[in-house]
Amino acid sequence: EQRLSFMVKHYWGPATRSIYLGLTCLFLALHLLLAFFCLSVLQTACIPPTSSSSSSSIPRADTQNNQFFSHSSSAPASWLLKKLPTSSQNEEHPTQPAEAKNHQAKGSVSDVMDKAKKLIDAGKQTGKVKGGSKLDALFKHPLYNLPRPELQDDDWLLRVRTNEDPQEKKSDNDQEEDYLPKDSDWDSGSHEEGYEKVTWTSDVETHPPWLRFHLGISRWELYNRTDHNLVQLTEYLATQRILGAVQKTGGTQLKLLLSFPNHGQALLKPMKQSRDAETDVNLFYFSDFERHNAEISAFHLDRLLGFNRIPPVIGRLINATSEIKDITTDHKLSKTFFKSPAGNVCFYGHCEYYCSTEHPVCGKPDGVEASLAAMLPDLTLAPRRSWRSPWRRSYSRTKLAQWEKDPEYCNSVKQTAPYNQGTRLVDLIDMTILDFLMSNMDRHHYETFEKFGNDTFLLHLDNGRGFGRHSQDEPSILAPLKQCCRIRHSTLLRLRLLSVPDFRLSDMMRDCLTQDPLTAVAPLLSEPHLAALDRRLATILKVVQTCQEKHKDVLYEDLGGYDPCSRPYGK
């Protein structure tokens, strides 16, 4: 019996172990196959569905369980998961696919990183239909590609001196024109922690996006819409690691100046109220909050109108603790941080209005939505002149401005420099049209670059008080157009183009805004605001029609070789 037991163990022991090992391998293989199957299903759910509707090309996550982040391009380990405010359901676009509405973003950090990259790259995919997108077709229209005089050296705001430039000794004023030294590398002398050691040359390929933006500013526009650097610049603003944050002086409300590793900067305006919060009808225009989504929307509206006069702006989620409080050198700002009873990180800074514990900026718990705008060149390099608008409001609760009392007010403006010659008057009316469309009553001043004198465009800066009301319009904003009855012919034709069904302004605006990363939280403009754009556009066209019925010299001709009769939408 002992010998039989020994033989069984000797012959069957290894076989049994082999069977057990084989079953274990089979079990693991089945689990791996199941895991791969589940992963493929989850990935499929996250892929934007192919649709002919441009507005549904980017899925919007359920924000009640969604997590977002702040991205560091140079240090991926510093990406932070934070919750954003819950978006109201009525802000979702009606054509949004049900799969996207119900999708729960429960993935890992890498999943969230992938989603953000898709949103940042959305400018290449948004609005795609067979044969392109309506937005692409709009920007390919001749009205957005009118011929312009060839740019001369004096038509560039800043320029890089090359080896071919004269070597004569230059005055201090001339040296200010040279953004970079002649033919040798420009090495950063900064040894501050976090900043990259910079080596730039006259070769544009060595320049960061913010510097290319500065060097691309011309007499006629802030940027060329077809410049590929525009996409790189917005990606830069959305992803660069933040090294410093200090409060920017001036202005009536809180705004911060952010610094990036390669010496770039951005102007941050934080979220102060929800997107669907409408301005109280009893509130004066100078008492309203600024809105981060208004700054973003104004940039895209300015592009759609063909102006290109607002610096690029993009939305971003900022971590109030790690990207502001922990890195700021502004001691006054840091002292205003506190934790709310709900456990959220809040701060309020120091400013003329709405900087108090009663009007804080609060995260959920740390994540704060904000607009980031590309900074213009430093004033020491490119001085700007501030002009008081002739149609400036009185900023009084009881007094009216002169233009509000005198219907013939424009006659005196037309006889006053710089409005008595050149394009300054129609430039101002372009800005009036932009302001009326977004219901911005707070345009008391505007700026121009000093280098170009009076023969240049107006900068459309500081648009945070736009898009406050959608339920009513403010006809007084159109006073310059009504009183002067003057408008650029190209502006009028683009407005008419944006009024036809194929290129309806609200549809184009919706498509533009889906390119912004914050659209994952909720649409940057609610549907009532988009509908208001179409309504206000119709009002503008009606005012121009009334002017043309009463006056002959309404259109300022600037079409060059373009024939409006050659296109069906140019009539």
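Worth knowing before you read on, the calculation uses all heavy atoms, side chains too, and leaves out hydrogens, waters and symmetry mates.
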Any idea which heavy atoms bring S371 and I296 closest together, and the distance?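 Shortest heavy-atom contact: CB-CG1, 3.8 Å.
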
Which atom pair, heavy atoms only, marks the closest approach of T432 to I477?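 Closest approach of T432 to I477: CG2-O, 3.0 Å.
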
Ring pair (Phe, Tyr, Trp, His ring centres under 6.0 Å) involving [X] - partner list, sequence neighbours excluded:
{"X": "F213", "value": "none"}
{"X": "H300", "value": "none"}
{"X": "F436", "value": "none"}
{"X": "H460", "value": "F307"}

Strictly distance-based, threshold 3.5 Å: is any side-chain N or O of [X] a donor or acceptor partner for the main-chain N or O of [Y]?
{"X": "W156", "Y": "R219", "result": "no"}
{"X": "K255", "Y": "T249", "result": "no"}
{"X": "D442", "Y": "R465", "result": "no"}
{"X": "S259", "Y": "Q265", "result": "no"}

Examine the side chains of D155 and S218 and answer whether a donor and an acceptor come within less than 3.5 Å of each other.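 There is no such pair (donor and acceptor under 3.5 Å, judged by atom type) between the side chains of D155 and S218.
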
Any luck finding a side-chain donor-acceptor pair between T423 and D427 under 3.5 Å? yes

Answer yes if the ring centres of F347 and F338 are under 6.0 angstrom apart, and no otherwise. no

Suppose we screen for side chain to side chain donor-acceptor pair (under 3.5 Å). Which residues come up paired with [X], at least two apart in sequence or across chains?
{"X": "T456", "answer": "none"}
{"X": "T226", "answer": "N224"}
{"X": "R494", "answer": "none"}
{"X": "N463", "answer": "R443"}

Could you give the distance from CD1 (I327) to OG1 (T321), rounded to the nearest 0.5 Å? 11.0 Å

Measuring from atom CG of D154 to atom CZ of F452, what distance do you get when rounded to the nearest 0.5 angstrom? 9.0 Å

Which is it for L301 and F467 under the side chain to side chain contact (heavy atoms under 4.5 Å, CB included) test, yes or no, and what are the steps along the way? CA-CA 11 Å; L301 180 59; F467 297 102; 4.2 Å; yes

Identified salt bridge (charged side-chain N to carboxylate O under 4.0 Å, His left out) partner of E369 from the options R291, R275, K269: R275

Report the residues that fulfil side-chain contact (heavy atoms from CB on, under 4.5 Å) with E450, sequence neighbours left out, ordered by chain and then residue number. P383, R385

Name all residues meeting the side-chain contact (heavy atoms from CB on, under 4.5 Å) criterion together with N308; count only those two or more places apart in sequence or in a different chain, and write none if there are none.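 Applying side-chain contact (heavy atoms from CB on, under 4.5 Å) to N308 gives E221, Y223, R225, R303.
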
Are R309 and W220 in a cation-pi setup, meaning NZ or CZ lies under 6.0 angstrom from the ring centre and within 45 degrees of the ring axis?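 No cation-pi geometry.
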
Residues two or more places apart in sequence or in another chain: which of them pass salt bridge (Lys or Arg N to Asp or Glu O under 4.0 Å) with E278? none

With sequence neighbours left out, what residues match D330 under salt bridge (Lys or Arg N to Asp or Glu O under 4.0 Å)? none

Relative to each other, are the rings of Y446 and W387 parallel, tilted or perpendicular (30° and 60° limits)?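 Parallel, since the angle between the ring planes stays under 30°.
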
If the threshold is 4.0 Å, N to carboxylate O, is there a salt bridge linking R469 and E474?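 Salt bridge: no.
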
